[in-house]
Amino acid sequence: MTPRGSGPGDATAVAHANIALAKYWGKRAGNENLPAVPSLSMTLQALHTETRVQFLPGLSADRLSIDERPRSGRELERVTRLLDSLRAQCGERCFASVTSRNNFPTAAGLASSASGFAALALAASAALGLSTALDQVSSLARAASASAARSAFGGYVALESGAFAALPLLPGEHFPLCMLVTVLSELPKSISSTSAMLHTAQSSPYYPAWVQHAPDVFARVHSGLQQRDIAALGSAIEHSALCMHASMMAADPSVIYLQPQTLKVMSEVRRLREGGMPIYFTMDAGPHVKALTLPEHAAEAEAQLSALPEVLRVIPSSPGPDAHLLS
Ligand code: DP6
């Protein structure tokens, strides 16, 4: 049954996952979790997290359940840190029970932390009677996981280098693209993006070049989007993803998220493109490929990608909405 928040101390929020078209990889110095590069994402209609937060007087610690499984350790610590910052703002002393559900595999590189922390930030703020303005929700989510800042907003969203909160750039209707998420594994990722990007910054000789080049790639992505130019946008998103992966592959020891099946799908996307379809790929901290195309090509692209033996399933998505409360 779907939980619904009601009354003081209890709220439920939904936030949608986002996929970066211009990637965030790397943090500014300091411990505020500020991004070292600008990023730009599309919020996805098809993938979301629903989170209920209940502040309960009887609890002796925060409790977390994700997809019906109780969680502890690092996952619970990150949630408690976000709740602590809100408790400090309003003098609340109660602990909370947090129940979260994804409609897609958790921690497999499908941006579950982005939608998860955005939904948590909104639900917890509402449960405590604090501001639910989306720029504040975005800032709170960013402190937990920088890509989560972008999931506060729908459509196309930017997170500038060093920014505390994301900015809604363009509504989905401006350029209603289709993102085809090709799921290539149900396993959790081998190394968290937080650890992998710190390790890249510390040991990759290509990291300074990545940080220096990222604003140019961001500008190309932004302009392709503004002009509704799929070829310009598509070539820029592939470049951003490959530059990010190159920076981590050059870390010592290397970080490699791409699997043989990832390369197979990337080359299939390029083969389809050579056949005349405007379709472009991007990859995050996991093996999956996300392919971007125009809505009129989505059905054919989905059929072609689903037919590959490496592909477990394809989730097509249009641009999604702002994070919101359920009442
Ligand atoms: C590859 O937001 O997970 O998905 O701020 O350390 O929590 P932390 O990192 P996280 O990194 C996401 C990186 C990425 C690219 C992107 O979403 O921009």
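Numbering of ligands and ligand atoms starts at 1, following listing order.
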Around atom 4 (O) of ligand 1, find the nearest protein heavy atom and jot down its residue, atom name and distance. Asp284 OD1, 3.6 Å
Does any donor atom in the side chain of Asp252 or Ser203 lie under 3.5 Å from an acceptor atom in the other side chain? no
No-hydrogen, no-angle side-chain donor-acceptor test under 3.5 Å, Thr43 and Asn18: no
I want to know if ligand 1 touches Ala146 in the polar sense, i.e. an N/O pair below 3.5 angstrom. yes
When only distance counts, is Tyr24 in polar contact with ligand 1, meaning an N/O pair under 3.5 Å? yes
What orientation do His48 and His16 show, parallel under 30°, tilted 30 to 60°, or perpendicular over 60°? tilted
Considering only non-hydrogen protein atoms, determine which one is nearest to atom 2 (O) of ligand 1 and report residue, atom name and distance to 0.1 Å. Ser147 OG, 2.6 Å
Would you please say whether a donor-acceptor pair under 3.5 Å links the side chains of Thr282 and Lys23? yes
For the residue pair Ser161 / Arg28, report whether a side-chain donor-acceptor contact shorter than 3.5 Å exists. yes
Using a strict cut-off of less than 4.0 Å between a Lys/Arg side-chain nitrogen and an Asp/Glu carboxylate oxygen, indicate whether Asp84 and Arg87 qualify as a salt bridge. yes
Got a salt bridge between Arg313 and Glu302, using NZ or NE/NH1/NH2 to carboxylate O under 4.0 Å? no
Which residue holds the protein heavy atom closest to atom 3 (O) of ligand 1, what is that atom called, and what is the gap in Å? Ser193 OG, 2.8 Å
Atoms of ligand 1 close to Arg78 [distance to a heavy atom under 4.0 angstrom, numbered from 1]: 7 (O)
Which of the atoms of ligand 1 are close to Met197, meaning less than 4.0 Å from one of its heavy atoms? 9 (O), 11 (O)
Would you please say whether a donor-acceptor pair under 3.5 Å links the side chains of Arg52 and Thr99? no
Enumerate the atoms of ligand 1 whose separation from the nearest heavy atom of Asn33 is less than 4.0 angstrom. 5 (O)
Protein heavy-atom partner closest to atom 8 (P) of ligand 1 - residue, atom, separation in Å: Lys27 NZ, 3.3 Å
Residue and atom name of the nearest protein heavy atom (relative to atom 7 (O) of ligand 1), distance in Å to one decimal: Ser145 OG, 2.7 Å
Please identify which atoms of ligand 1 are closer than 4.0 Å to at least one heavy atom of Ala20. 16 (C), 17 (O), 18 (O)
Mind checking whether Arg150 has an N or O less than 3.5 Å away from an N or O of ligand 1? yes
